[in-house]
*Asks:* 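Dumping the structure here so I can ask a few things about it.
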Amino acid sequence: MKIDTLFMDHSLPLDDETGYLISRIHLEPQRIQDPGEVYDFINRSDDPVSLAKRTLYLTRNKGALIRNCPGTCHYTCCDYTILHAGTFCTMDCSYCILQAYFHPPVLQYFAGFEPVRQALQAVFLQNKIFRIGTGEYTDSLIWEKVSLMPEFLVKTFAEQQNSVLELKTKTVNIESLLNLDHNEKTILSWSLNTPEIIRSQERGTASLTARLEAARQAESKGYRLAFHFDPIVIYPGCEEQYKTVIQKF
Ligand code: SF4
């Protein structure tokens with residue numbers, strides 16, 4: 001994660017979580033009263049999407065932390081529950097819907113372990129199986145290099161029985177998770193594509209070989225794995241190339 005500008009909501013305390021993040025970013029945060037200051041900073045740029053990938057806003061999630069994924073019309077819903085831990089992404093896939101979805105695009109990290117813990121406890125108490133993930137509005141593991149949140153989530157899910165956490169990524173950022181006692185309640189999940197699409201369309205992401213090697217490491221530590229093709233791109237020769245990818249795992 002390469003961040004040039006760090007904004008921080010004026011009401012956020014400097015505690016273990018925010019202090020760790022600031023120490024990893026190596027930038028002094030600019031304290032702001034109003035999120036509009038971040039929006040204006042990004043909107044003034046000739047290239048708001050690129051600037052937003054290098055500008056981090058530490059704040060709180062002032063809306064719902066957990067929500068049902070609305071699904072997409074005419075598609076079969078995969079019954080995903082969203083844990084809203086952050087927005088946007090530092091990588092740069094040409095097809096990324098987040099670049100059109102957020103106006104303006106803002107890379108936000110939602111601080112606060114305690115509200116997350118409370119929201120999850122309310123879910124865990126329900127007599128239902130949940131698949132909960134942080135990968136809907138951001139890449140789940142871009143944060144692993146700067147935040148203790150992924151580690152906190154793996155440990156929190158390990159203490160309950162009826163839900164699984166899915167961390168979905170195009171990175172290989174799993175180092176801090178490998179030796180945790182995850183109790184098989186976390187699924188480490190990779191979004192895959194063919195080497196041609198990764199090379200030409202997924203700028204700043206890990207190679208297919210690196211993603212699969214990270215998956216092997218995770219498997220050796222007992223993690224459950226998932227793989228997504230999201231999207232599948234139709235181009236000459238794609239059928240054979242997708243088959244080759246599948247044969248690799
Ligand atoms: S890794 Fe995912 S969230 Fe990040 S730019 Fe690519 S598609 Fe978007």
Side-chain angles (χ1 to χ4, degrees), residues 1-5 21 25 38 42 45 47-59 61 67 69-72 75 78 80-110 131-147 149-150 153 165-175 177 187-215 218 225-235 238 241-242 245 249:
M1 182 178 281
K2 174 78 183 78
I3 300 298
D4 299 335
T5 309
L21 200 144
I25 299 280
V38 182
I42 289 170
S45 168
D47 186 353
V49 168
S50 296
L51 182 64
K53 290 179 179 297
R54 294 179 278 112
T55 304
L56 177 59
Y57 178 32
L58 304 187
T59 185
N61 183 346
R67 51 179 85 167
C69 179
T72 305
Y75 282 68
C78 68
Y80 187 70
T81 301
I82 300 166
L83 175 56
H84 201 15
T87 62
F88 209 46
C89 184
T90 50
M91 296 178 282
D92 191 13
C93 302
S94 61
Y95 53 76
C96 181
I97 191 67
L98 299 185
Q99 299 180 11
Y101 189 75
F102 294 114
H103 298 280
V106 181
L107 183 67
Q108 296 180 99
Y109 174 82
F110 296 138
R131 171 172 153 259
I132 301 174
T134 55
E136 184 73 5
Y137 297 124
T138 184
D139 181 286
S140 298
L141 290 177
I142 54 167
W143 305 103
E144 187 264 354
K145 292 290 172 221
V146 296
S147 157
M149 184 62 87
L153 290 176
L165 169 69
E166 182 174 5
L167 298 175
K168 185 177 171 190
T169 192
K170 288 192 181 96
T171 75
V172 292
N173 298 345
I174 58 169
E175 194 181 345
L177 310 181
I187 301 166
L188 292 182
S189 161
W190 276 270
S191 172
L192 299 182
N193 224 302
T194 64
E196 183 168 333
I197 294 300
I198 291 173
R199 195 169 44 248
S200 61
Q201 307 297 328
E202 299 184 351
R203 288 179 293 275
T205 66
S207 69
L208 176 64
T209 306
R211 291 181 214 180
L212 292 175
E213 177 52 34
L225 305 179
F227 299 103
H228 299 251
F229 287 106
D230 185 10
I232 292 174
V233 183
I234 308 298
Y235 62 94
C238 66
Q241 292 188 19
Y242 278 109
V245 175
F249 58 84

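Counting starts at 1 for both ligands and their atoms, following the listed order. Model, not experiment: these values are computed from the prediction. The analysis underlying the following values was restricted to heavy atoms, covering all of them including side chains, and did not include hydrogens, waters or symmetry mates.
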*Asks:* Under a 3.5 Å cutoff, is there a donor and acceptor pairing between the side chains of Thr209 and Ser207?
*Replies:*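 No, Ser207 and Thr209 have no side-chain donor paired with an acceptor closer than 3.5 Å.
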*Asks:* Looking just at side-chain N and O atoms, do Tyr109 and Ser147 make a donor-acceptor pair shorter than 3.5 Å?
*Replies:*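 Yes, a side-chain donor-acceptor pair sits under 3.5 Å.
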*Asks:* Ignoring hydrogens and angles, state whether a donor on the side chain of Asp139 or Thr169 is under 3.5 Å from an acceptor on the partner side chain.
*Replies:*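 A pair is found: one side chain offers a donor N or O, the other an acceptor, under 3.5 Å apart.
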*Asks:* Would you say the side-chain atoms of Glu202 and Tyr95 include a donor-acceptor pair closer than 3.5 Å?
*Replies:*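 Present: a donor and an acceptor within the cut-off.
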*Asks:* Whether the Thr59 and Gln108 side chains hold a donor-acceptor pair (N or O, under 3.5 Å, no angle test) is what I'd like checked.
*Replies:*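 Side-chain D/A pair, Thr59 to Gln108: absent.
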*Asks:* Taking 2.8 Å as the limit, list every protein N, O or S atom around atom 8 (Fe) of ligand 1, by chain and residue number.
*Replies:*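 Listed by chain and number, the atoms are Cys96 SG.
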*Asks:* With sequence neighbours left out, write down each residue that passes side-chain hydrogen bond (donor to acceptor under 3.5 Å, both in side chains) with Thr5, or none if nothing qualifies.
*Replies:*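 For Thr5, no residue satisfies side-chain hydrogen bond (donor to acceptor under 3.5 Å, both in side chains) once neighbours in sequence are set aside.
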